[in-house]
Every structure is written in C-alpha cells, then in structure tokens.
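Report on one structure; see the data block that follows.
Computed from a predicted structure; not experimentally measured.
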Amino acid sequence: DDSSTTDVEKTLDELRPRTLDNSMPVNSLLARGSGPAGLGVRGMESPKGAVIKYDSGKHVGSEIQAFQFDASSPLAPISIAGFAAATGPAQEQGVLVGWFLNLSGTFLESSSRKHWAELLAGIGDVQLLPADANIKGGRFNTKFMNRLLAACYMDLPEVVRRLNGNLSTMTDV
C-alpha cells in the first residue's frame, strides 16, 4: 500500500551546491585534462573547477580576451581562448587558457538567469517572456531557461559570438 508513502520534491536550489560563503556560483569553469578524446574533462579523476564572480566595476572582458568554440569537443565545446590581462578573478583561482565554460551550470544559476537570458535571447527563436507576464516561477523560470539553453546548444557558434561581444562588457555576472 503506497498511501503511507510521502513524495518529497526538492527545488533545484536545494540540490545545487553552494559556495563557502553560501552564494550561488555564477560562472563555472572546468579544467581540460589530457587523455582520450570525447570526454568532457579528459584524463582527470576529479575535475578542477572554479566559480568566478565579476562584481561591479570589473567586467568579464577586462580579464578574458575571448572564448572559442571547438566542435571536436562535444562535451566541452566552449573554452577560454586567451586572457586580456595578466591577472583577474578567474586567474586568481587557477583558471588557465583552455579551461571550458560549464554553460549549463552557469546559465541555470538563479542569481544570473536574467543576465544570461537577455544575452542569449533570440537564439533558436526563443524570445524573452513579457515583463508583465504572470508566470509560475517568474519570467526566468527553469522551464524557460532550459528551453533557451537547449536552443543555445543547437547554435554554439552564435553563443560564442555573443560571449565575445556583449558578455565581455557585462558586470555583476
């Protein structure tokens, strides 16, 4: 008899790991190792990772010169192509050229959803929901963000173009 069993669901925020200061990660970068092709983090038993926050007054482009798209690496297609400065928040955490952007992890973080949705709106004809829309979970709910993310994975060269354009001048991401 299943009537005595209680189904308990957790929200995505309850399942996501928090940083030491309990803030949500914004940009997730993971290291590329060396090893067999086709693995997202090649040859590493436990991948290195970093969560980078560009606060007011510091923008992504002040440190990261460009991202690049590599179709031969389907599990890690977007990586750092080069740095614009010798130091910055990412490099202070050990991030190097070649580390890849965890697009899904970054994109779905609640603290930066609005920035990412505005940056990538229109890819795959996925438009921003109206500001006055009465939508369960808000304008940037998980359903909408997953739909936009799926569209982004269908046009990664356009995502990289936007990362290297508008994202490079954004702060608070």
Side-chain angles (χ1 to χ4, degrees), residues 12 16 24-44 47-129 139-140 142-173:
L12 287 175
R16 283 199 169 83
M24 292 300 292
V26 179
N27 288 334
S28 303
L29 296 165
L30 298 175
R32 258 187 226 273
S34 59
L39 299 177
V41 182
R42 300 181 211 161
M44 301 181 122
K48 292 181 183 179
V51 178
I52 314 303
K53 173 80 174 159
Y54 291 91
D55 296 316
S56 296
K58 189 89 170 165
H59 55 87
V60 177
S62 65
E63 179 181 19
I64 297 176
Q65 182 177 15
F67 290 92
Q68 62 189 358
F69 170 66
D70 180 1
S72 70
S73 182
L75 298 177
I78 300 174
S79 63
I80 296 176
F83 289 108
T87 63
Q91 294 171 83
E92 289 168 5
Q93 292 192 43
V95 174
L96 303 169
V97 169
W99 279 40
F100 72 89
L101 177 66
N102 179 350
L103 189 60
S104 299
T106 300
F107 190 69
L108 294 174
E109 296 305 333
S110 60
S111 61
S112 60
R113 286 181 177 203
K114 179 181 185 293
H115 293 296
W116 285 99
E118 290 173 347
L119 176 69
L120 301 170
I123 293 178
D125 291 327
V126 177
Q127 301 301 323
L128 290 177
L129 300 171
R139 232 174 126 200
F140 307 109
T142 300
K143 182 178 179 180
F144 170 77
M145 297 304 283
N146 280 327
R147 194 169 141 237
L148 183 55
L149 183 62
C152 288
Y153 277 111
M154 298 302 293
D155 194 356
L156 288 169
E158 175 61 15
V159 171
V160 171
R161 188 187 70 71
R162 293 186 189 196
L163 288 174
N164 289 335
N166 297 343
L167 177 66
S168 67
T169 61
M170 292 172 66
T171 59
D172 293 321
V173 296

Where is the tightest heavy-atom contact between A84 and S62, given as atom of each residue plus distance?
-> CB-O, 4.2 Å

Where the side chain of S112 meets the backbone of H115, is there a donor-acceptor pair that is under 3.5 Å apart?
-> no

Say you draw a straight line from CD of Q65 to CD1 of I80; how long is it, rounded to the nearest 0.5 Å?
-> 11.5 Å

pair I64-L163: side-chain heavy atoms closer than 4.5 Å | no

With sequence neighbours excluded, tell me which residues meet side chain to side chain donor-acceptor pair (under 3.5 Å) with E63.
-> Y54, Q91

d(L103 CG, Y153 OH) to nearest 0.5 Å is 4.5 Å

Which pair of heavy atoms, one from G124 and one from A151, lies closest together, and at what distance?
-> CA-CB, 4.1 Å

Taking atom CZ of F69 and atom CG of L156, what is their separation to the nearest 0.5 Å?
-> 5.0 Å

side-chain contact (heavy atoms from CB on, under 4.5 Å) filter on Q93, not counting sequence neighbours, yields A50, I52

Tightest non-hydrogen contact, residues F107 and A117, listed as CE1-N, 4.3 Å

Taking side-chain contact (heavy atoms from CB on, under 4.5 Å) as the test, write out the residues that go with L129, two or more places apart.
-> I135, R139, F144

Does A81 have any side-chain contact (heavy atoms from CB on, under 4.5 Å) partners at least two apart in sequence or in another chain, and if so, which?
-> A66, Q68

Can you list the residues that meet the side chain to side chain donor-acceptor pair (under 3.5 Å) rule with E158, with sequence neighbours excluded?
-> R161, R162

Kindly give the heavy-atom pair with the smallest separation between S72 and P74, and that separation in Å.
-> O-CD, 3.3 Å

Work out which heavy atom in G105 is nearest to a heavy atom in N102; give both atom names and the distance.
-> N-OD1, 2.9 Å

Check whether any side-chain heavy atom of W116 sits under 4.5 Å from a side-chain heavy atom of L148, and report yes or no.
-> no

Hey, does F83 have a side-chain heavy atom less than 4.5 Å from the side chain of V95?
-> yes

Can you name the nearest heavy-atom pair linking R113 to M145, along with the distance?
-> O-CE, 3.4 Å

Please tell me if the side chains of L149 and S104 come closer than 4.5 Å, counting only heavy atoms from C-beta onward.
-> yes

